[in-house]
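Since the structure comes first, as structure tokens, the remarks are kept for the end.
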Amino acid sequence: MLVRHAFLSLDPYMASAIKGRHMSGAVAPGDVMPGETLGRVAASRHPDFAEGDVVISRGGWQLWSVAEPADPALRGMAAALSPGATKLSVPDGVSPSLFLGVLGMPGLTAFAGVRDVLAPKPGETFVVSAAAGAVGGTAGQVARAMGARSIGIAGSPEKCRLVIETFGFDGCVNYRDPDWKQTLAALCPDGVDAYFDTVGGEMLKGVMPRLAMGGRVMLCGMMEQYNSAEILPGPSLAPILQRRATVTGFVVYDHWETMPLWRRLGTTWIAQGRLRFTESVTAGLDGAPQAFADLMAGRNVGKCIVAFDP
Ligand code: NAP
């Protein structure tokens, strides 16, 4: 079918695609810039699609595109990135453009990220960056619908007003204000239970110290990095996002009740030769300072023990 586009979605991932760093693929010079489009069928050779039908497809940055019908058997990423066209029935009074925004990919990002990943509980504090944007603005509203307090982070007083007055968030911090971290702390007196991160970098760094016990962070986007030619210093968090990996906190004290079980099991395994170990034993307390210095310099092998004279 030949489609005349009415709307093209512009999304931050395109910057990464140009740099060859996006999972949807790279854009080479001469390629049509990729992008989701909403348009009307101008001519069709397919029985299910007629002239005038409204379709959504990945038509790219151009006025016209030729599309095949989307393969309904495709699922997940293959379906999302398929160039095929899907027919839309647009309810009266709804702008079709919304299917590229709040009712489309960005809206789904917000909804699924909040409901299925961060899962804020009633009364919890939910924070989202780029809160005035398509994803962030929707995410905070979904969190509120789940009973959480939503606090936004956005880049100007006007954006913060939109976030509070129009989107109904409980508060919003302008991160261009030098005191934004203190304002965030004041708005989140019990800490941040769930952080929907769309920016990474300095903003993530500013929110991390405010995490509540058991807090969750979802890496959704990296606005700060998309604009930079180089990968920013520090460990790259991109693989966590791209591979849907989980990074979680652990403190052994929370698992102390497992100690008797581990002792029984470990003792049995050692007796059976299934668990082996090394110790580096220093005789007498006099040797302890050097043994400790060796441990901290990596010169030990195995568990450092000081053995006192019998
Ligand atoms: P958007 O929020 O409408 O636009 C991006 C916003 O990012 C800007 O308006 C800007 O608002 C903010 N921002 C914060 N720090 C920035 C910086 N250092 N440089 C530039 N902008 C900065 O865009 P969106 O479409 O809703 O997407 C939001 C985020 O979600 C993006 O990171 C996007 O990649 C991500 N996303 C991820 C997925 C996924 O599957 N993981 C899907 C869709 C979108 P301020 O003025 O408030 O700073």
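Computed over heavy atoms, backbone and side chain alike; hydrogens, waters and symmetry mates excluded. Please read these numbers as outputs of a predicted model, since none were measured by experiment.
- With contacts defined as side-chain heavy-atom distances shorter than 4.5 Å, the pair Tyr175/Leu184 does not qualify.
- Residue Leu237 holds its CG atom at 11.0 Å from CD of Gln242, rounded to the nearest 0.5 Å.
- For the 3.5 Å distance criterion, the side chains of Ser97 and Ser95 qualify, holding a donor opposite an acceptor.
- Contact annotation: the side chain of Arg149 never approaches that of Pro120 to less than 4.5 Å [non-hydrogen atoms, C-beta and beyond].
- Side chain of Arg75 to main chain of Pro72: a donor-acceptor pair is present (N/O by atom type, distance under 3.5 Å, no hydrogens or angles).
- Separation of atoms CG (Asn174) and OG (Ser156) is listed at 6.5 Å; rounding is to 0.5 Å.
- Counting only N and O atoms by type, the side chains of Ser44 and His46 include no donor and acceptor under 3.5 Å apart.
- Here the straight-line distance linking atom CD of Glu68 with atom OG of Ser57 works out to 11.5 Å at 0.5 Å rounding.
- A heavy-atom distance below 4.5 Å is found between the side chains of Thr109 and Cys220.
- To the nearest 0.5 Å, the span separating CG on Asn300 from CD1 on Ile305 amounts to 11.0 Å.
- Here the side chain of Ser82 pairs no donor or acceptor atom with the backbone of Ala78 at under 3.5 angstrom.
- Taking the six-membered ring where tryptophan is involved, the planes of Phe250 and His255 are essentially parallel, since the angle between them stays under 30° and well short of 60°.
- Note: Met222 CE to Met203 CE = 13.5 Å, rounded to the nearest 0.5 Å.
- Put simply, CD on Gln225 and OG on Ser236 are 5.5 Å apart, with the number rounded to the nearest 0.5 Å.
- Side chain of Ser150 to backbone of Gly140: a donor-acceptor contact under 3.5 angstrom is found.
- Membership of the apolar cluster around Phe126 extends to Phe111, Val114, Val117, Leu118, Val128, Val135, Val142, Met146, Leu162, Val163, Phe167, Phe169, Phe196, Met218, as traced through chained side-chain contacts below 4.5 Å between ILVMFWY residues.
- Residues Asp53 and Lys87 are paired through a salt bridge, judged by an N-O separation under 4.0 Å between the basic side chain and the carboxylate.
- At least one side-chain heavy atom of Cys188 sits under 4.5 Å from a side-chain heavy atom of Val127.
- Under a 3.5 Å cut-off, the side chain of Arg176 and the backbone N or O of Gly155 do form a donor-acceptor pair.
- Residues Leu204 and Tyr195 are in side-chain contact: their nearest non-hydrogen atoms beyond the backbone lie under 4.5 Å apart.
- Looking at Asp197, its side chain does come within 3.5 Å of a backbone N or O of Val199 through a donor-acceptor pair.
- Within 6.0 Å of the CE atom in Met259, the count of heavy atoms belonging to other residues, nucleotides or ligands exceeds 12.
- At least one side-chain heavy atom of Val27 sits less than 4.5 Å from a side-chain heavy atom of Pro34.
- No donor-acceptor contact under 3.5 angstrom links the side chains of Tyr13 and Asp11, judged on distance only.
- Side-chain N or O atoms of Thr37 include none that pairs as donor or acceptor with a backbone N or O of His5 at under 3.5 Å.
- Remark: the backbone N or O of Gly52 is paired with a side-chain donor or acceptor of Arg40 at under 3.5 angstrom.
- Ion pairing between a basic and an acidic side chain is recognised when a charged N comes within 4.0 Å of a carboxylate O; Glu124 and Arg216 show such pairing.
- Contact annotation: the side chain of Gln62 never approaches that of Leu8 to less than 4.5 Å [non-hydrogen atoms, C-beta and beyond].
- By the 4.0 Å N-to-carboxylate-O rule, Asp170 lies close enough to Arg144 to be salt-bridged with it.
- Between the Thr198 side chain and the Gly221 main chain, no donor and acceptor come within less than 3.5 Å of each other.
- Between Leu81 and Met23 the shortest side-chain heavy-atom distance does not fall below 4.5 Å.
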